[in-house]
Each structure stands twice: as C-alpha cells, then as structure tokens.
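Here the structure is a predicted model, which means the values were calculated and not measured. Residue numbers begin at 1 in each chain, while the letters A, B, ... track the order of the sequences.
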Number of protein chains: 2
Amino acid sequence: MRLTTRGRYAVTAMLDLALNIEKSPVALSEIADRQGISQSYLEQLFSKLRKRGLVDGTRGPGGGYKLGRSAKLISVGDVISAVNEPVDATQCGGQKNCRGEHPCLTHDLWQELSLQIQTFLSSVTLQQLTDKESKNSGAKAPLTSLTPIHMQVNSAIKTSIF
Amino acid sequence: MRLTTRGRYAVTAMLDLALNIEKSPVALSEIADRQGISQSYLEQLFSKLRKRGLVDGTRGPGGGYKLGRSAKLISVGDVISAVNEPVDATQCGGQKNCRGEHPCLTHDLWQELSLQIQTFLSSVTLQQLTDKESKNSGAKAPLTSLTPIHMQVNSAIKTSIF
DNA sequence: TTATAACCAAGTATTTTAGTCAAGAATAGA
DNA sequence: TCTATTCTTGACTAAAATACTTGGTTATAA
C-alpha cells in the first residue's frame, strides 16, 4: 500500500464525482478545472479507475464519467490501489537469503502493518466521506469534529488487537 | 501523510533496532546488512530520526544506535513522518481561488481522511509489533492470524464514526 | 456533419528516491 | 598517544516515479 499525491488526486477526483452525482456524467475538464489537476493526467488516472470498474465513461457531447457503482461500495483503498502499481515489499522474495536473525522477521512485521493500513483504508467509503460533509454543511462545525470519537475507537483497536 | 518505501525502510530499521535491544547500541552496518539497505542511505534516514529524538547515536568502537525512548512510546506514525517532508496537500493555500462549488470541500475531505490515517498510524507502536512477534514465535501461527479481529474492530469504527 | 468528450500512446520535465563518495569528529582499546 | 571503529555531515549522481504535454483516434449527441 503506497500513499502519495497520486492517490490523493484520484480520491479527490472520485469525491468530486460523488459530490456531483446529480449532474452526472461529469466531464473530466470540469474536474480538472475544479481540482486544479491537469486534464491529461486525470485521463491517465481515470483509465486505471475504469479498468477496475470504479468509473464508467460515456463519450460524445454531454458525456463524461460517473461512479461505476454506489459510493457506498467504493472504498478509499479501492481508489488508491487502483492508481498505484503493486509493490513487492521484500527484497528476498520468498525466504531465500535470510541467514541473519531478524531479517525476514521485520519484513513480516511490515507486511502485517501494511495489511492493517490496507484494511483500514478499505473500511472507509466515499459515501461516508460525502455524508460527513452534508452533515456539517449546515452547521459551522469543522470536519474534524468527529475525530475524538475516532481516536477512542482507535484506542479500542489498540487494546484488542495487541 | 505520505507512505512510500522510504517509510518502510525507516520502520524496518527501527524494528530491527527494537528487536536487538539487548545488544544495543547496534551499528548501522549490521542493520544495513540484515535488512539489505545501503548503509549510506540509512545514515541519511537516521540523521532525520535522530533529530526527532527517535534514536540516540554513540560513536567509536562498539558504538551504534539505540532507540531514543521506549518502544512503547514510539509509534509507526512518528517514524514515517520523521523521514518524509511535510506535504502541503491543497494547491490553494488557505481558501483563496475557490470559486467553484466543491473544490476546497474535497480538499477538506482529503485532509480529514489524512488525519484519520495519521491517527491510525500513531496508534500503532513498535512495541506492539515486536510483542506480536514474540507471541507467535513459539507457535507456527502466521502473523496475520489476528487480522479478522482487526477487521471486526474496523467495522466497529465504520459504524460509530460515520 | 460537426462539435464534444472519452480514449489512447508516446514523449518530456520535474521531483523524489536511492545510492555513492569523501571527509570529519568522537571514542574505546591497544 | 595511536588506531581502528563508528557516527556524522555534505555534495554529488543514477534511477525511478510523478506530473504534465502533445497529438492523435474513436464514439455520439445535436
């Protein structure tokens, strides 16, 4: 699981799509304009998103992109992993040249952590993010207002997993 | 919050340090050897880790690095953010050129998500990872055996936050 | 038929990553 | 004191990923 500005672009664009669901399909030029991302770069990202079935494109005038399935069923993890090449993680493939004591062990630990991050990102959907927005749009409360709850639950994870 | 192989190197090296706590300080050459990372590259990473107080270095023969504080008090988030440059995230700094409808909104949503990831990574300590190892070292159970529990808790987050 | 917009492929500039090289400073042990 | 060891620092380079450009082609609504 890699996490760079590339993934941010993809998630941002998908959120833009989810927020403009009523006027779908949405043209890439609009997204590029709104989010300040190069259109051709977006095209490349959307090519990968399309191959994963995360978006559907319709050509011609009035065409554009819409979500491939309900925002409820698209996770942030889906989007991020769609635009990133898979990474191999360990340099020793299986468990070949591990003569030392803790070499491959640390790799396993990293892999475990990586899996946890992946699981976490797969548990957050686009719908949840946009819902949170509409909840706060009336009130002036910051988006981060729910964070304390999150931290509570997170510490629950902490004690129950380890 | 960025997550690349650079962060993996740093976390891996810190785990190596935590696992070899009994023979500390540990020389960089050993870590480089065990983990298959260039020593000079590790030197650069450890320079940043040292500036954050995550490691202490002692020179001379028999010298090396040891954890700057208890493994209980060092989170994966600490390590990863130490070796990465902070990223600005939005292209419109404050909220200047946001004339469209949902432009900065998506940025806020991303920032919120980013915060959640950060919080998650800050809730996992080196100690927890190494503890998990020693628990499983006797039995042949894979490290991922606890994942289902994690997923359960994660879905608990899902329903309670959103 | 024409304008629109998805699709596609190749190439380029920039940035980041990963690594090398070379030197210096502290220190344990001979 | 001398020496080997190891951290510490800086500059420089190669490779990879990222972000973007250019120039097309296809499909389709009007």
- [ ] Could you say whether A/Gly62 or B/Arg50 is positioned toward the 5' end of DNA chain D, judged by the nucleotide with the nearest heavy atom to each?
- [x] B/Arg50
Open item on the list: Does A/Gln39 contact D/dC20 through a side-chain donor or acceptor facing the base, at a distance under 3.5 Å?
Closed with: no
TODO: Answer yes or no: side-chain N or O of A/Gln44 and base N or O of D/dT21 forming a donor-acceptor pair under 3.5 Å.
DONE: yes
- [ ] Specify the residue among A/Ser40 and A/Val83 whose closest nucleotide of DNA chain D lies further upstream toward the 5′ end.
- [x] A/Val83
Task: Side chain of B/Tyr9 - closest among C/dG19, C/dT27, C/dT20 - done: C/dG19
TODO: Could you pick out which residue, B/Arg59 or A/Gly63, lies toward the 5' side of DNA chain C when each is mapped onto its nearest nucleotide?
DONE: A/Gly63
TODO: State whether a side-chain donor-acceptor pair under 3.5 Å links B/Ser81 with B/Asn84.
DONE: no
Task: Residue pair A/Ser70 / A/Gln127, side-chain donor-acceptor N/O under 3.5 Å - done: no
Open item on the list: Rounded to whole Å, how long is the line connecting atom CG of A/Leu45 with atom P of C/dC7?
Closed with: 14 Å
TODO: Let me know the distance between CG of A/Leu28 and P of C/dC8, rounded to the nearest Å.
DONE: 13 Å
Open item on the list: Which label fits A/Phe120 and B/Phe120: parallel for a plane angle under 30°, tilted from 30 to 60°, or perpendicular past 60°?
Closed with: parallel
TODO: Give B/Phe46 one of three labels, base, sugar-phosphate or nothing, depending on what nucleic acid heavy atoms sit under 4.0 Å from its own.
DONE: nothing
TODO: Give me the ring orientation class for A/Tyr9 and A/Tyr41: parallel if the planes are under 30° apart, tilted from 30 to 60°, perpendicular past 60°.
DONE: perpendicular
Open item on the list: What contact category does A/Ser29 fall into here, base, sugar-phosphate, or nothing, at under 4.0 angstrom with non-hydrogen atoms?
Closed with: nothing
